[in-house]
Amino acid sequence: FSRGKALSQEQHQALTIFENNLAVINEVPQVLLTDICFDVATEENSCFFSEGHLAASRIPRKTGWKWNQSRSKVELISKDGDFRLSFFKLNPRKNGEEIKRVPQYKVWIFNITNAHSSMKSSFFWCERGIEVKPTLDSNFLKELSFLEKFVSRKDAYELGWLNETPEEFVSNTLGEYSTHDLSYHPTNYYYEYPNFCQ
């Protein structure tokens, strides 16, 4: 899409996110407009395509605030003239009801129209929302057991990759606890994965 000089820095960034996802549209989730839920709409960096144009009123919200369009819509045409694009940013805003603090979400809606068939679709991106840190379940940990040779026997045991408790681990562990508390609490492991939206 041709970019006008009037675009702000954040609009340039949002447009780049849209174009990057459009290039790999088959790998991006497709969501029905009727299936959009609050958790998906407010998860940081979540994004999806949908059939039909998306309006602020279709984005779920909580009591005490509403989605507010903070700037005017940006209207663009693709370089080949086949598509028209309209996009805008939404932020939460108090709607007069009692609420202590308005969440600091920031989402973008892109509405696409085919200039020849008038077919409509949309793209949604949550730029700022609830950060979700993925955790590993036991099944996924088992799939990673091929990494056993790259970690210590102690770590391999904690991750469930060894059937027997390493001898040196037992002796070391017993020395770490008093006689009143011999319970063992394994470490929680968290892994960060690159988000598909970037």
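Computed from heavy atoms alone, side chains included, the values below leave out hydrogens, waters and symmetry copies. Here the structure is a predicted model, which means the values were calculated and not measured.
Between Phe87 and Phe18 there is no side-chain heavy-atom pair separated by less than 4.5 Å. The shortest side-chain heavy-atom distance between Glu44 and Val132 does not fall under the 4.5 Å cut-off. Contact of the Tyr105 side chain with the Ile130 side chain is registered, since non-hydrogen atoms from C-beta on lie closer than 4.5 Å. Residues Leu7 and Val74 form a side-chain contact, since some pair of their non-hydrogen atoms from C-beta on lies under 4.5 Å apart. Contact check for Asn21 versus Phe49: side-chain heavy atoms found under the 4.5 Å cut-off. With contacts defined as side-chain heavy-atom distances shorter than 4.5 Å, the pair Gln104/Arg128 qualifies.
One N or O on the side chain of Trp67 and one on the backbone of Pro60 form a donor-acceptor pair closer than 3.5 Å. Between the side chain of Glu43 and the backbone N or O of Gly129, no donor-acceptor pair lies under 3.5 Å. In this structure, Asp155 contributes its side chain and Val151 its backbone to no donor-acceptor pair below 3.5 Å. Panel note: side chain Arg84, backbone Ala115; no donor-acceptor pair is recorded below 3.5 Å. Distance alone, capped at 3.5 Å, places no donor-acceptor pair between the Gln13 side chain and the Glu10 backbone. Side-chain atoms of Ser122 come within 3.5 Å of backbone N or O of Gly52 as a donor-acceptor pair. Within the 3.5 Å criterion, the main-chain N or O of Met119 finds a donor-acceptor partner in the side chain of Ser117.
In terms of the side chain to side chain contact (heavy atoms under 4.5 Å, CB included) criterion, residue partners of Glu75 (sequence neighbours excluded) are, by chain and number, Lys73, Ser86. In terms of the salt bridge (Lys or Arg N to Asp or Glu O under 4.0 Å) criterion, Lys66 has no residue partners (sequence neighbours excluded).
Closest non-hydrogen pair, Thr42 versus Cys126, comes out as C-SG, 3.9 Å. Contact between Pro92 and Trp65 at its shortest, heavy atoms only, is CB-CE3, 3.4 Å. When every heavy atom of Ile77 is checked against every heavy atom of Gly81, the shortest pair comes out as CG2-CA, 3.8 Å. Contact between Trp108 and Lys106 at its shortest, heavy atoms only, is NE1-CD, 3.8 Å. Nearest approach of Val40 to Ser46, heavy atoms of both residues: O-OG, 2.6 Å. Nearest approach of Ala6 to Gln11, heavy atoms of both residues: O-OE1, 4.1 Å.
In this structure, CG on Leu76 lies 11.5 Å from CD1 on Ile112, to the nearest 0.5 angstrom. The line from CD1 of Ile17 to CD of Glu19 is 10.5 Å long, rounded to the nearest 0.5 Å. Taken from CZ in Arg58 to CD1 in Ile109, the straight-line distance is 10.5 Å, to the nearest 0.5 Å. Atom CD in Glu127 sits 12.0 Å away from atom CG in Leu90 (nearest 0.5 Å). One distance of note links CZ of Phe1 with NZ of Lys79; it measures 10.5 Å at 0.5 Å rounding. Distance SG/Cys47 to CH2/Trp125: 9.0 Å, rounded to 0.5 Å.
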Inset, instruction - Run the numbers on Leu85 and Leu15 for side chain to side chain contact (heavy atoms under 4.5 Å, CB included), then give the verdict. - result: CA-CA 10 Å; Leu85 178 69; Leu15 183 57; 3.7 Å; yes
Inset, instruction - Please lay out, stage by stage, how His53 and Thr113 fare under the test side-chain hydrogen bond (donor to acceptor under 3.5 Å, both in side chains). - result: CA-CA 8 Å; His53 280 179; Thr113 305; 3.0 Å; yes
Legend entry - Criterion side chain to side chain contact (heavy atoms under 4.5 Å, CB included) on Phe88 and Asn111, from CA distance to verdict: CA-CA 9 Å; Phe88 52 93; Asn111 288 322; 4.1 Å; yes
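For Gln69, the CD atom sits in a packed shell: over 12 heavy atoms of surrounding residues, nucleotides or ligands are nearer than 6.0 Å.
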Return all side-chain donor-acceptor pairs below 3.5 angstrom for residues 29-36, not counting sequence neighbours, or 'none' if the list is empty.
residue : atom : partner : partner atom : Å
Gln30   : NE2  : Ile25   : O            : 3.4
Gln30   : NE2  : Val28   : O            : 3.3

